[in-house]
Amino acid sequence: MGVTKEQVESSLKAKLNPSHIEVIDTSGGCGASFVVEIVSEQFEGKRLLERHRIVNAALEEEMKEIHALSIKKAVTPEQWKQQQESNQSNSAA
């Protein structure tokens, strides 16, 4: 059995203390492929590549069994807030 969505969430929560996290198992339940959206203050001042490395490092053990990890968003709380406000104003228009 591969990694579970809950294991991925638990590791990311413990290591990155996110204010928002969404993990989707895209492997059909075998735990080999995930999509992640995460908001953490630890991304402050970091470039996108560094943010992805932080997420990958947080999942070091899980990555031994995960074949595909797509990091849809890795943003700071301020960036997340701006995106949410932008989405709301776009949907209101």
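Below, each value reflects all heavy atoms present in this structure, side chains not excepted, and no hydrogens, waters or symmetry copies.
Taking 4.5 Å as the limit, every side-chain heavy atom of V3 sits out of range of all side-chain heavy atoms of L59. The shortest distance between side-chain heavy atoms of P18 and V39 does not fall below 4.5 Å.
Separating the CD1 atom in I54 from the CD1 atom in I38 is a distance of 10.0 Å, to the nearest 0.5 Å.
Residues meeting the side-chain hydrogen bond (donor to acceptor under 3.5 Å, both in side chains) test with K15, sequence neighbours left out: none. Under the side chain to side chain contact (heavy atoms under 4.5 Å, CB included) criterion, A57 pairs with no residue at all, not counting sequence neighbours. For K73, the side-chain hydrogen bond (donor to acceptor under 3.5 Å, both in side chains) criterion is met by Q83, not counting sequence neighbours. Listed by chain and residue number, nothing satisfies the side-chain hydrogen bond (donor to acceptor under 3.5 Å, both in side chains) test with Q42 (two or more places apart in sequence, or in another chain). For E78, the salt bridge (Lys or Arg N to Asp or Glu O under 4.0 Å) criterion is met by no residue, not counting sequence neighbours. Under the salt bridge (Lys or Arg N to Asp or Glu O under 4.0 Å) criterion, K81 pairs with no residue, sequence neighbours left out. Taking Q84 as the reference, W80, N87 meet the side chain to side chain contact (heavy atoms under 4.5 Å, CB included) condition, with sequence neighbours excluded. Contacts of N56 classified as side chain to side chain contact (heavy atoms under 4.5 Å, CB included), with partners at least two apart in sequence or in another chain: M63, L69. The side chain to side chain contact (heavy atoms under 4.5 Å, CB included) check on T26 picks up I24, S33, V35, with sequence neighbours excluded.
Annotation: salt bridge (Lys or Arg N to Asp or Glu O under 4.0 Å) contacts involving residues 45-58, sequence neighbours excluded, are absent. Listed by first and then second residue, the salt bridge (Lys or Arg N to Asp or Glu O under 4.0 Å) pairs involving residues 24-38 are E37-K72 (not counting sequence neighbours).
Under the 4.5 Å side-chain heavy-atom criterion for grouping Ile, Leu, Val, Met, Phe, Trp and Tyr, V75 is not connected to L16 through any hydrophobic cluster.
Residue L48 is found outside any hydrophobic cluster, as its side-chain heavy atoms come under 4.5 Å of no other Ile, Leu, Val, Met, Phe, Trp or Tyr.
Within the 3.5 Å criterion, the main-chain N or O of Q79 finds a donor-acceptor partner in the side chain of T76. Under a 3.5 Å cut-off, the side chain of E44 and the backbone N or O of E41 do not form any donor-acceptor pair.
No hydrogens or angles considered: a donor-acceptor pair under 3.5 Å links the side chains of S11 and E62.
Among all heavy-atom pairs drawn from C30 and S27, the shortest one is N-OG, 3.2 Å. Between A74 and H52, the shortest heavy-atom contact is CB-CD2, 4.4 Å. Pairing each heavy atom of V23 with each of F34, the nearest pair is CG1-CD2, 3.8 Å.
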